[in-house]
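Written below as structure tokens is the structure these notes are about.
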Amino acid sequence: MLADTGVTIRQADADDAVNGVLPRWVALPETVGEISAVLRACAEKDLAAVPAGGGTKLHWGAPPERCDVLIDLCCMNSLVEHAAGDLVVRAQAGLTMDALAAELAEKGQELALDPPFTEHTTVGGTLATATAGPRAFRYGTARDLLIGITVVLPDGTIAKSGGRVVKNVAGYDLGKLFTGSQGTLGVIAEATFRLHPLPADRRWLVAVTEPSDDVLLRLAASQAEPSAVEIDCPDGKEATVAVLVEGSAAEQRALALRVVLGEGTITAEAPDWWGLILRDDVLLEVRFPPARAAGALAAAGEAGFAFRGSAAAGRAYLELWGEVSEEELAAAVTRLRERFEALGGRVNVLATPYEGVDRWGQVSGLPLMRRVKERFDPGRRMSPGRFLGGI
């Protein structure tokens with residue numbers, strides 16, 4: 001069975017659990033071909049598989065209905081190709097984002113994604129969960145910067161789409177499908193991204209203030225061209241607004257933004273909370289129109305959640321620092337959904353220890369997503385039940 005694939009296989013232990021579900025085995029493939037061999041063996045024996053990168057987000061999403069094999073991509077951690085002249089990089093899915101950033105920085109370039117954890121976050125995990133950082137406002141999300149992808153489908157078929165150069169967008173829809181799919185369609189093996197030069201300079205404008213929608217929108221639309229406009233409000237009362245400016249004349253542009261904000265300190269160092277998820281035992285992602293950011297901040301505070309995220313892009317994470325029962329959390333999520341839907345937004349529960357909490361609410365595109373799941377994984381062997389609607 002798995003041992004016949006030639007791939008390194010070990011017995012799973014407690015650290016390999018996927019949101020509380022312990023697999024029987026852990027496979028450690030070192031090539032795309034070895035991932036294919038593992039999935040072919042799983043298909044033959046009807047074994048359910050869950051891909052894993054650095055493990056930072058294995059407790060996100062619902063527990064899998066079953067998990068026989070954890071496909072650990074830690075050994076697929078190479079930067080395959082860096083075409084610096086084309087501003088393109090191709091990397092294996094198990095490469096950590098900080099290791100990738102260090103290698104690109106040697107050539108004066110970067111992948112303009114901001115992982116929400118300081119270490120262990122991998123290329124594949126960033127794509128599979130579609131996490132977005134502060135600079136998504138200017139550069140786009142992982143889905144926007146992805147120009148090519150290699151995946152292994154549940155039957156072991158290796159599929160590729162996109163290209164090495166930015167102009168080639170053939171097959172880009174495959175990349176869009178797998179980004180944010182949480183391992184339910186197959187295994188992301190390699191990814192090709194569009195890069196940007198490292199900015200010549202950076203400045204943050206930071207102020208403790210009560211932000212209004214008008215001021216936040218004026219900051220985002222300013223000719224000073226901020227890369228991000230973020231809000232941090234850990235207690236529902238005192239909010240910090242931080243605005244990032246990158247590139248030439250960063251100091252002067254930050255000064256212009258201070259006129260718009262009305263106050264603030266300009267610094268060359270990011271706030272210690274910038275772009276990070278600090279606690280995710282309970283974690284919500286909220287979306288809202290940027291013009292309703294102040295209302296979103298108020299709704300989060302009234303429900304007892306810490307708010308951290310992008311006022312400019314209309315996306316934030318809500319963390320819960322106090323202890324809460326299942327009934328209390330379920331009620332709080334219901335109230336939040338009502339408030340955010342009234343604002344034109346939505347609430348997703350990324351992580352919770354309680355199964356009685358509605359993670360997704362109403363999703364209009366669910367029938368289409370189920371058809372996609374049926375097309376790619378009719379045997380329901382890839383992370384079954386992990387995604388919305390039990391996909």
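Hydrophobic clustering (ILVMFWY, side-chain heavy atoms < 4.5 Å, transitive): L350 and V357 are in distinct clusters. In the hydrophobic cluster analysis, where Ile, Leu, Val, Met, Phe, Trp and Tyr join through side-chain heavy atoms closer than 4.5 angstrom, L113 is grouped apart from W273. Hydrophobic clustering (ILVMFWY, side-chain heavy atoms < 4.5 Å, transitive): M97 and W274 are in distinct clusters. If you chain together hydrophobic residues whose side chains sit under 4.5 Å apart, V215 and I266 fall into the same group. Hydrophobic cluster membership differs between F137 and L216, with clusters built from Ile, Leu, Val, Met, Phe, Trp and Tyr side chains linked at under 4.5 angstrom.
Without hydrogens or angle criteria, D114 side chain to R135 main chain gives a donor-acceptor distance under 3.5 Å. When atom types are taken as modelled, the side chain of R258 and the backbone of G264 share a donor-acceptor pair closer than 3.5 angstrom. Of the possible donor and acceptor atoms, none in the side chain of N77 sits under 3.5 Å from a partner among the backbone N and O of L95. A donor-acceptor pair under 3.5 Å is absent between the side-chain atoms of R66 and the main chain of L47, judged by distance alone. Between the R292 side chain and the G345 main chain, no donor and acceptor come within less than 3.5 Å of each other. No donor-acceptor distance shorter than 3.5 angstrom exists from the side chain of E190 to the backbone of R90, with no hydrogens or angles considered. The backbone N or O of A294 lies less than 3.5 Å from a partner atom in the side chain of D213, making a donor-acceptor pair. With hydrogens and angles disregarded, no donor-acceptor distance shorter than 3.5 Å links the side chain of E285 to the backbone of N348. T179 places no side-chain N or O within donor-acceptor distance of the main-chain N or O of K176, the cut-off being under 3.5 Å. Under a 3.5 Å cut-off, the side chain of E103 and the backbone N or O of L79 do not form any donor-acceptor pair.
Here salt bridge (charged side-chain N to carboxylate O under 4.0 Å, His left out) pairs that include residues 20-35, with residues two or more places apart or in two chains, are R24-D68.
The side-chain heavy atoms of P226 and L257, taken from C-beta on, include a pair separated by under 4.5 Å. Looking at E246 and R138, their side chains come closer than 4.5 Å, going by heavy atoms from C-beta outward. At a threshold of 4.5 Å between non-hydrogen side-chain atoms, the residues T122 and L73 do not count as touching. A 4.5 Å side-chain heavy-atom check between F305 and V286 finds every atom pair outside the cut-off. Between L244 and E230 there is no side-chain heavy-atom pair separated by less than 4.5 Å. The shortest side-chain heavy-atom distance between R339 and V347 does not fall under the 4.5 Å cut-off. Within the 4.5 Å cutoff, the side chain of P353 has no heavy atoms near those of the H59 side chain. Put simply, the side chain of D358 does not reach to within 4.5 Å of the side chain of V349, judged on heavy atoms.
Hydrophobic side-chain contacts under 4.5 Å tie L22 to no other Ile, Leu, Val, Met, Phe, Trp or Tyr residue. As a member of the Ile/Leu/Val/Met/Phe/Trp/Tyr network built from side-chain separations under 4.5 Å, Y139 groups with nothing else and remains a singleton. Listed by chain and number, the hydrophobic cluster partners of L366 are W360, V363, M369, F387, L388, I391, where partners are ILVMFWY side chains within reach of under 4.5 Å, directly or through others. Taking Ile, Leu, Val, Met, Phe, Trp and Tyr as members and joining any whose side-chain heavy atoms lie under 4.5 Å apart, directly or through other members, the hydrophobic cluster of V50 also contains V18, V26, L28, L58, L70.
Under the 30°/60° scheme for interplanar angles, the aromatic rings of F288 and F340 are found to be tilted. In this structure, F178 and F376 have perpendicular ring planes: the angle between them is above 60°, well past the 30° mark.
Residues K57 and F117 share a closest heavy-atom pair of CG-CE1, 3.8 Å. Closest approach of A136 and R315 over heavy atoms only: CB-NH1, 4.2 Å. Contact between L145 and A112 at its shortest, heavy atoms only, is CD1-O, 3.8 Å. The shortest heavy-atom contact between L343 and A296 is CD1-N, 3.6 Å. Between I231 and P211 the shortest heavy-atom distance is CD1-CG, 4.0 Å. When all heavy atoms of P51 and S383 are compared, the closest pair comes out as CD-OG, 3.6 Å.
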Note to self: If you apply the rule side-chain contact (heavy atoms from CB on, under 4.5 Å), what do you find for L111 with L104, and how did you get there?
What the structure shows: CA-CA 8 Å; L111 175 58; L104 295 176; 4.2 Å; yes

Notebook entry, point to check: Where do M76 and V123 land on the side-chain contact (heavy atoms from CB on, under 4.5 Å) test, with the steps shown first?
Noted result: CA-CA 10 Å; M76 294 192 61; V123 167; over 6 Å; no

Margin query: Set out, in order, the CA-CA distance, both residues' side-chain angles and the distance that settles side chain to side chain donor-acceptor pair (under 3.5 Å) for S36 and R40, then state yes or no.
Written below: CA-CA 6 Å; S36 175; R40 285 198 305 271; 2.7 Å; yes

Next item on the list: Begin from the C-alpha positions of T150 and I158 and carry the test side-chain contact (heavy atoms from CB on, under 4.5 Å) through to its verdict.
Entry: CA-CA 7 Å; T150 299; I158 298 171; 4.0 Å; yes

Next item on the list: Would you please test F193 and L127 for side-chain contact (heavy atoms from CB on, under 4.5 Å) and show each step?
Entry: CA-CA 11 Å; F193 294 99; L127 286 173; 3.9 Å; yes

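Heavy atoms of other residues, nucleotides or ligands lying less than 6.0 angstrom from CD of E238 number 12 at most. Counting non-hydrogen atoms of neighbouring residues, nucleotides and ligands closer than 6.0 angstrom, the CD atom of E210 reaches no more than 12 such neighbours.
To the nearest 0.5 angstrom, S310 atom OG is 11.0 Å from Y317 atom OH. To the nearest 0.5 Å, the span separating OG1 on T352 from CG on L329 amounts to 5.0 Å. Going from atom CG of L320 over to atom CG of D280 covers 12.0 Å, rounded to the nearest 0.5 Å. Atom NE2 in H120 sits 12.0 Å away from atom SG in C74 (nearest 0.5 Å). In this structure, NZ in K373 is found 7.5 Å from CE in M382, a value given to the nearest 0.5 Å. Note that the NZ atom of K107 and the CG atom of L87 stand 12.0 Å from one another [nearest 0.5 Å].
Under a 4.0 Å N-O distance rule, the pair D201/R253 does not qualify as a salt bridge.
E251 meets the salt bridge (Lys or Arg N to Asp or Glu O under 4.0 Å) test with R203; sequence neighbours excluded.
Side-chain atoms of S212 and D214 include no donor-acceptor pair closer than 3.5 Å.
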